[in-house]
Amino acid sequence: MEFSIKSRSPEKQRGACVVVGVFDSRKLTQPAAALDKAANGYIAGILGRGDMNGDAGSSLLLQNVPGTLCDRVLLIGLGKEKEFHEKEFAKAIRTALKAINETGATDASIYLCELPVRKRSLAWRIRQSAMIAQEAAYKFEQFKSKKDDTRRPLKKLSFCVDRRSELPLAEEALAQGLAISEGMSLARDLGNLPPNICHPTHIAELAQAMAGEFKLDCEILERADMEKLGMHSLLAVAQGSHQPPKLIVLSHKGGKAGEKPVVLVGKGVTFDTGGISLKPAPDMDEMKYDMCGAASVLGTLRTVARLKLPINLTIIVPATENMPGGGATRPGDIVTSMSGQTIEILNTDAEGRLILCDALTYAERFDPDTVIDVATLTGACVVALGSVASGLFANKDALAHDLLDAGNEAHDRAWHMPLWDDYQELLKSPFADMGNIGGRWGGAITAACFLSRFTKKFRWAHLDVAGTAYKSGADKGATGRPVPLLAHYLMQRAGKLN
Ligand code: BES
Ligand code: MN
Ligand code: ZN
């Protein structure tokens, strides 16, 4: 789909479809009133006959409205004007796209982005609209021999602003929304790919291709490199698999030389069987999503590179399978991590922390300003927060607040969880510096506590996205979260968030 920003009164707009809003009790928004005036009260007349009230989620399609230059006028119900907030705005855009797609219109001009939304700027409204449109258009059907043939004729979509002076700002916001969508669809594609195709080597090749496309620095560490570095915790997870593990590093250098980078670390377990601590069979296929952390940092990097943000960003992806087998790690094995700390592996299914700890230690060599890891780390986080919020942990409150703000702005929310020392003792082991599990209670927290032992040298946050990175059930699939949160955090840091 082609997107653009326009500034032209709706009655002078040519094309297949003009979309305007109506609040409840048939109150016309300003663009709707302008059309109505050009049409000599034709629209108000139709509403007066009771064909539409302006209820949220409703729509009414009119053809050949007199006095206008477009083929169709689509009225979108917005609900109560006083209650028109973020959620209602998003619903209006979704309703508009759905209704347009049910017509034969190949282009449409949407006049909903100038509607005031509490605490939200014009740039926010444009960004969100672009993201909603792209999200609605997402399909993953490369393995279907018959493609979805629902008619979707819409090719060109314009968001309309009141004043020409708003064009540059709106265009920047549109570019941001589209770049975030691009990062999200990469993350969704990677997550949705089956585990026989999306293995560590596949992710490494994709990273190399992206490095070529955007002129990024790329480094892939192989098993032998990890051995030299002493990454025995990561290697312990990989040793049961026939797929070679990869540690993938990609850097976007948009900031000043010498400026400390932000480092994003993403859990890349391309399939998590649990290892010798084997998972039960039902829904085990969903463990193909155990690389969604990796997918989200790759997606975020793509967004940042597309926007050429003036920041230095490095991503690190430890990628491996977690398989049982004759060579697999046993419960009770003790390994020495790259940091020198020893770990008793009591449960081979708590493998995410084992690969992340070595990747986090590796992050030290980039002299980072901030490190954020993203992982489908614990079922306990899903129990705590469901699929609404990602679990957020940080060793600096200011960083946690910046990330919470970014999540709220992006409508990709996180919730701040505790990292108090009181939880640390649950990781005690009689034989090594720590065990890799903390017992039955507070599982998302003890997992974060484990990681915190490897992040003492920098500002660090951890996002547990086990409940948010993908959906189960009928509309199963990767969501692309938390790309919007991370992208907003980085745009804010770059001074590009209007
Ligand atoms: N990848 C899983 C976590 C997970 C569970 C993600 C459900 C998405 C949905 C992780 O590797 C895991 O198995 N964690 C264990 C940890 C436990 C053994 C301490 C868990 O959550 O059960
Ligand atoms: Mn596991
Ligand atoms: Zn896992």
Side-chain angles (χ1 to χ4, degrees), residues 191-192 195 198-200 233-234 236-241 243 245 265-296 317-324 328-333 343-357 359 373-391 393 417 423 426-429 434-451 462-473 476-479 481-482:
N192 288 333
C198 185
H199 42 57
S233 184
L234 198 176
V237 176
Q239 76 191 37
S241 168
Q243 289 292 342
V265 179
K267 172 179 172 182
V269 174
T270 60
F271 196 73
D272 181 11
T273 64
I276 297 299
S277 313
L278 194 64
K279 286 183 181 294
D283 300 325
M284 206 207 270
D285 66 290
E286 292 189 357
M287 283 301 119
K288 74 173 183 177
Y289 294 115
D290 215 17
M291 35 55 69
C292 280
S296 76
V317 170
T320 177
E321 284 186 328
N322 184 23
M323 299 289 276
T329 294
R330 296 152 286 256
D333 282 2
I343 305 164
E344 186 184 14
I345 301 177
L346 293 163
N347 188 321
T348 63
D349 197 12
E351 86 296 342
R353 61 198 80 181
L354 295 174
I355 70 169
L356 289 169
C357 70
D373 77 75
V374 188
T376 46
L377 201 61
T378 65
C381 192
V382 192
V383 173
L385 300 174
S387 61
V388 176
S390 304
F393 301 82
M417 306 273 280
Y423 292 101
L426 296 168
L427 293 170
K428 271 190 194 148
S429 153
M434 67 193 90
N436 77 327
I437 51 171
R440 196 161 148 68
W441 310 117
I445 304 172
T446 50
C449 283
F450 180 95
L451 298 178
H462 157 60
L463 284 164
D464 192 332
V465 296
T468 53
Y470 69 93
K471 285 184 196 158
S472 336
K476 186 185 267 190
T479 61
R481 292 177 70 183

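These figures come from a predicted structure and were not determined experimentally. Note that ligands are numbered from 1 as they come in the structure, with each ligand's atoms numbered from 1 the same way.
Listed here is the closest heavy atom pair of L377 and A447: CD2-CB, 3.6 Å. Annotation for R481 and S296: closest pair O-CB, 4.1 Å, computed over non-hydrogen atoms. Residues L346 and G435 come closest through the heavy atom pair CD1-CA, 4.1 Å.
If you number the atoms of ligand 1 from 1 as listed, the ones under 4.0 Å from a heavy atom of N347 come out as 18 (C). The ligand atoms of ligand 1 that sit less than 4.0 angstrom from a heavy atom of K267 are 1 (N), 10 (C), 11 (O). Close approach of ligand 1 to Y470 is summarised as follows: ligand atoms under 4.0 Å from at least one heavy atom of the residue are 8 (C), 9 (C). Near E351, meaning under 4.0 Å from one of its heavy atoms, ligand 1 places the atoms 11 (O). Shown in contact with K279 at under 4.0 Å from a heavy atom are these atoms of ligand 1, numbered in order with element: 12 (C), 13 (O). Interface atoms of ligand 1 facing A466, defined by a heavy-atom separation under 4.0 Å, are 6 (C), 8 (C). Within the listing of ligand 1, atoms 1 (N), 2 (C), 3 (C), 6 (C) sit less than 4.0 angstrom from a heavy atom of T376.
For K279, the NZ atom sits in a packed shell: over 12 heavy atoms of surrounding residues, nucleotides or ligands are nearer than 6.0 Å.
Judged by distance alone, with hydrogens and angles left aside, the side-chain atoms of T468 form no donor-acceptor pair with the main-chain N or O of S387 at under 3.5 Å. Looking only at distances, no side-chain donor or acceptor of D290 sits under 3.5 Å from a matching main-chain atom of M287. S241 places no side-chain N or O within 3.5 Å of a backbone atom of N322 that could act as its donor or acceptor partner. Proximity of a side-chain donor or acceptor of N192 to a complementary backbone N or O of A478 within less than 3.5 Å is detected. Side chain of D464 to backbone of T378: a donor-acceptor contact under 3.5 angstrom is found.
The part of M287 lying near ligand 1 is the side chain, judged by heavy-atom distances below 4.0 Å. Counting heavy atoms closer than 4.0 Å to ligand 1, residue F450 contributes nothing at all. For N322, no heavy-atom contact with ligand 1 is shorter than 4.0 Å. The proximity of M291 to ligand 1, defined as any non-hydrogen pair under 4.0 Å, does not occur for either the backbone or the side chain.
When distances to the Mn ion (ligand 2) are checked against a cut-off of 2.8 Å, D290 contributes no N, O or S atom below that limit. Within the coordination shell of the Zn ion (ligand 3), defined by N, O or S atoms under 2.8 Å, L377 is absent.
Among all non-hydrogen protein atoms, the one lying nearest atom 16 (C) of ligand 1 is R353 NH2, 3.9 Å. Nearest non-hydrogen protein atom to atom 20 (C) of ligand 1 is G379 N, 3.9 Å. For atom 10 (C) of ligand 1, the closest non-hydrogen atom of the protein is L377 O, 3.3 Å. Of the protein's non-hydrogen atoms, the one nearest atom 19 (C) of ligand 1 is I437 CG2, 3.5 Å.
Inspection of the T348 and T329 side chains reveals no N or O donor paired with an N or O acceptor under 3.5 Å.
The residue among D283, L346, D349 with a heavy atom at the shortest distance from atom 15 (C) of ligand 1 is D349.
Atom OD2 is the N, O or S atom of D290 at the shortest distance from the Zn ion (ligand 3).
Using a 4.0 Å cut-off between charged nitrogen and carboxylate oxygen, K267 and D373 do not count as a salt-bridge pair.
Angle OE1(E351) to the Mn ion (ligand 2) to OD2(D272), rounded to 10°: 100°. Rounded to 10 degrees, the OD2-metal-OE2 angle spanning D272 and E351 at the Zn ion (ligand 3) equals 90°.
Within the 4.0 Å cut-off (strictly below), a protein heavy atom is located near atom 1 (N) of ligand 1.
Atom CG of L427 sits about 12.0 Å away from atom CD of E344, to the nearest 0.5 Å. M434 contributes atom CE, which lies 5.5 Å from atom CD1 of I343 (distance to the nearest 0.5 angstrom).
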